[in-house]
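Everything on this sheet refers to the single structure shown next.
For reference, positions follow the sequence shown, starting with 1. Values below: every heavy atom of this structure, side chains too, minus hydrogens, waters and symmetry copies.
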Amino acid sequence: MNTEPLYILNSKYNCKNKYNLDPTEFPKLNLALTETLILSEKRRYEEILNVTKHFMSKLSLYMEGVQTLFILTNEEGTIIEIFGDSELKKTFSVIPGLKFEEETAGTNSVSLCLKHKHPIQVIGKHHYHHCFYDFSCTSCLFQSIDQKYNPVVGTVTLMTKIDDSSTFHLGLLSSAVDSIEREITVNVQNRKLQELNQIMLNTTCNGIIITDQDGIITSINENAERLFEINKPLCIGNSIVNLEKIGQYFMNALEKNEKTVNVEICYQVGNEKKYFIIDVLPIYDQKEELIGCFGQFRDITERYVLEQQIIENEKLSTIGRLSAGLAHEIRNPLTPIMGFVHLLEKYYSDDTTKMYLTIIGEELQRVNQLVTNFVLTSKPDAPSKKNTNVFGLIEQTVLFLKSEVALKNIQIKVFNLLSKAHDLCIDVNQIKQVLINLIQNAMDATPSGGEIYVEALEDAEGISIKIKDSGKGISNKQQEQLFSPFFSTKEDGVGLGLYVCERIIKSHHGRIIVDSKLGEGSTFTVYIPFTK
């Protein structure tokens with residue numbers, strides 16, 4: 001009784017009567033793909049190839065001692081990859097690019113599997129060609145998608161010698177192909193989630209940094225790179241503690257389960273200070289086990305600067321109202337008092353009285369200057385500019401302060417480093433006021449016998465005037481507030497001098513820069529551009 005399945009009988013009938021194949025000859029498969037097209041197909045089937053090799057290697061472990069050969073084909077039965085036993089590979093003489101089709105290969109499991117859409121096993125004499133009687137071939141259809149989410153179809157074939165053949169192979173290969181399809185489905189879902197996460201990370205306005213449970217950075221979005229001026233490839237795989245100041249928030253979340261929500265921090269990025277609102281939260285899996293940490297950073301630098309400007313404007317408004325009242329209420333009695341002091345000096349000739357009257361006069365002058373500073377602070381005059389020789393103005397200012405310098409036993413050394421006699425369009429009186437204030441501050445900071453250096457330098461866009469003292473220096477914290485109204489490093493200072501200086505220089509479109517280290521003195525640089 002013939003036990004061959006009907007599809008085997010039909011195939012053999014076609015081979016003999018339709019295709020006129022000689023069963024005693026070795027079949028010659030057609031080469032359907034060139035080397036270039038083979039590489040293209042391997043790229044299209046790359047994921048299924050990688051997963052299939054992984055699962056087939058596991059399958060080989062269950063078939064220890066059995067010579068096995070695995071063949072993967074595309075939807076047309078063309079071989080894409082062959083791996084397994086080298087002896088079997090040599091016996092069958094099959095290579096990538098050859099096509100399994102009934103009219104050339106005769107009765108074979110690959111063609112039957114693609115035709116009938118279910119697993120097929122062709123054992124021994126089920127083959128049409130006699131040369132395959134000593135072998136068993138089992139093929140299963142797979143359906144998956146490629147890297148671009150396009151559907152891909154093909155077969156996975158397991159070939160063994162007939163002595164090692166078993167109907168068990170059909171179920172084993174079918175189960176393996178099912179696992180392969182599920183694995184690829186999971187990979188595709190994960191890839192889509194990763195792509196979605198990446199889109200979300202890179203489209204948000206906030207900086208995002210994610211670490212694992214050990215604080216090792218696993219993900220950084222483009223905005224975080226920009227905000228912190230860091231390089232993603234250099235940071236991935238490194239510890240979050242390398243990012244000073246923010247690293248501690250992550251470690252607190254990982255080690256102490258401390259959440260950070262809506263906390264405002266100041267972060268030094270190069271030479272610039274930036275202000276962020278940060279959220280740092282631990283990440284847990286479904287089992288409530290810690291798997292990492294999530295950090296979100298919102299740049300509020302512009303908002304912070306605007307808030308500081310509003311606060312400063314409110315201060316100025318208060319100063320304006322106060323100075324208007326002081327100017328009126330103080331100057332009215334101040335002028336006659338100063339006049340009477342000058343009259344009294346004419347009527348008293350003894351040294352003690354003259355000394356007291358001189359002290360009174362100087363203090364009254366200081367009160368008058370204080371009132372003047374208040375007025376300038378609240379309503380500074382618009383600069384009345386004209387072309388002025390810069391170095392000449394510096395020399396005049398130093399000469400004006402000569403007597404005061406001599407009394408304090410200090411030397412002022414002036415250096416002209418300009419390439420030529422430059423003129424700047426400035427308000428002479430205002431810039432002179434700035435120079436006097438800065439030099440006097442340098443004199444106050446410099447001990448007796450010390451030196452002050454005043455240098456005039458140039459670049460392509462403007463002139464810098466550097467005033468360097470040999471005092472005790474200014475701390476970083478004090479430098480942050482130097483130009484704020486009512487802040488002073490002097491015990492008897494009012495805190496308006498540098499504030500007024502900065503406003504004057506800004507009205508000339510320039511800037512004042514301070515460079516100071518404790519114990520090494522301070523350098524104030526006034527920069528004024530040529531063309532503004």
Side-chain angles (χ1 to χ4, degrees), residues 47 147-149 186-286 288-313 476-477 479-481 483-484 511 513:
E47 188 163 22
Q147 295 283 354
K148 297 180 179 178
Y149 307 116
V186 171
N187 290 346
V188 169
Q189 290 174 344
N190 289 338
R191 190 163 65 246
K192 285 183 176 180
L193 284 174
Q194 289 175 354
E195 290 173 355
L196 180 61
N197 288 338
Q198 201 61 43
I199 290 171
M200 293 174 63
L201 287 175
N202 289 331
T203 54
T204 179
C205 296
N206 299 336
I208 303 292
I209 298 178
I210 299 174
T211 73
D212 64 13
Q213 65 271 27
D214 298 318
I216 302 302
I217 299 172
T218 58
S219 182
I220 297 176
N221 73 344
E222 293 174 359
N223 279 323
E225 286 187 87
R226 178 181 55 81
L227 291 177
F228 295 105
E229 294 183 1
I230 54 179
N231 185 278
K232 181 177 179 178
L234 296 179
C235 290
I236 298 296
N238 290 322
S239 175
I240 188 66
V241 298
N242 293 334
L243 292 177
E244 295 181 3
K245 201 159 190 177
I246 67 170
Q248 191 57 48
Y249 291 99
F250 280 82
M251 297 314 296
N252 288 343
L254 293 170
E255 296 174 355
K256 304 176 184 178
N257 193 31
E258 290 183 4
K259 298 179 180 179
T260 302
V261 180
N262 287 332
V263 172
E264 186 175 314
I265 67 167
C266 175
Y267 193 87
Q268 187 78 27
V269 181
N271 295 324
E272 180 184 2
K273 283 187 178 179
K274 290 187 177 181
Y275 296 86
F276 302 116
I277 287 180
I278 71 169
D279 301 297
V280 180
L281 306 169
I283 305 173
Y284 297 93
D285 61 13
Q286 294 178 344
E288 295 298 319
E289 293 181 358
L290 182 69
I291 59 173
C293 192
F294 170 87
Q296 177 175 251
F297 307 87
R298 179 152 49 96
D299 189 354
I300 60 164
T301 304
E302 290 185 4
R303 191 193 80 181
Y304 181 86
V305 171
L306 182 60
E307 288 176 350
Q308 296 305 306
Q309 289 176 348
I310 292 172
I311 293 171
E312 186 172 335
N313 289 337
N476 292 334
K477 187 175 181 180
Q479 289 181 47
E480 293 176 3
Q481 305 178 68
F483 299 101
S484 300
R511 58 185 181 271
I513 304 167

Do the non-hydrogen side-chain atoms of I240 and I216 ever get within less than 4.5 Å of each other? no
Under the criterion side-chain hydrogen bond (donor to acceptor under 3.5 Å, both in side chains), I'd like the reasoning laid out for Q248 against N252: C-alpha separation, chi angles, the key distance, then a yes or no. CA-CA 6 Å; Q248 191 57 48; N252 288 343; 2.9 Å; yes
Between K274 and E302, is the closest basic N to carboxylate O distance under 4.0 Å? no
With side chains defined as the heavy atoms from C-beta onward, is the minimum distance between Y249 and I278 less than 4.5 Å? yes
Nearest atoms (heavy-atom pairs only) where K273 meets C266: CD-SG, 3.9 Å
I need the minimum non-hydrogen distance between G207 and L227, along with the two atoms involved. N-CD1, 3.8 Å
Rounded to the nearest 0.5 Å, what separation is found between the CG atom of L254 and the CD1 atom of I291? 11.0 Å
Salt bridge (Lys or Arg N to Asp or Glu O under 4.0 Å) contacts touching residues 245-268 (sequence neighbours left out): E264-R303
Which atom pair, heavy atoms only, marks the closest approach of V280 to C293? CG1-SG, 3.5 Å
Backbone N/O of I210 and side chain of T218: donor-acceptor pair under 3.5 Å: yes
Quick one: pull up CG in N221 and CD in Q296 and give me the separation to the nearest 0.5 Å. 9.5 Å
Report the distance from atom CG of N231 to atom CD1 of I220, rounding to the nearest 0.5 Å. 8.5 Å
Of all residues at least two apart in sequence or in a different chain, which pass the side chain to side chain donor-acceptor pair (under 3.5 Å) check with N238? none
Value rounded to 0.5 Å, distance of CD1 in I513 from CZ in R511: 4.5 Å
Can you name the nearest heavy-atom pair linking D299 to F276, along with the distance? CA-CD2, 3.7 Å
Interatomic distance, CZ@R298 vs CG@N206, rounded to 0.5 Å, equals 6.5 Å
List in chain and number order the residues that pass ring pair (Phe, Tyr, Trp, His ring centres under 6.0 Å) with F297, two or more places apart in sequence or in another chain; answer none if no residue qualifies. F228
To the nearest 0.5 angstrom, please state how far the CD1 atom of I217 sits from the SG atom of C235. 5.0 Å
Restricting to non-hydrogen atoms, name the atom on I246 and the atom on I209 that form the minimum distance, rounded to 0.1 Å. CD1-CD1, 4.2 Å
Work out which heavy atom in P282 is nearest to a heavy atom in N257; give both atom names and the distance. CG-OD1, 3.4 Å
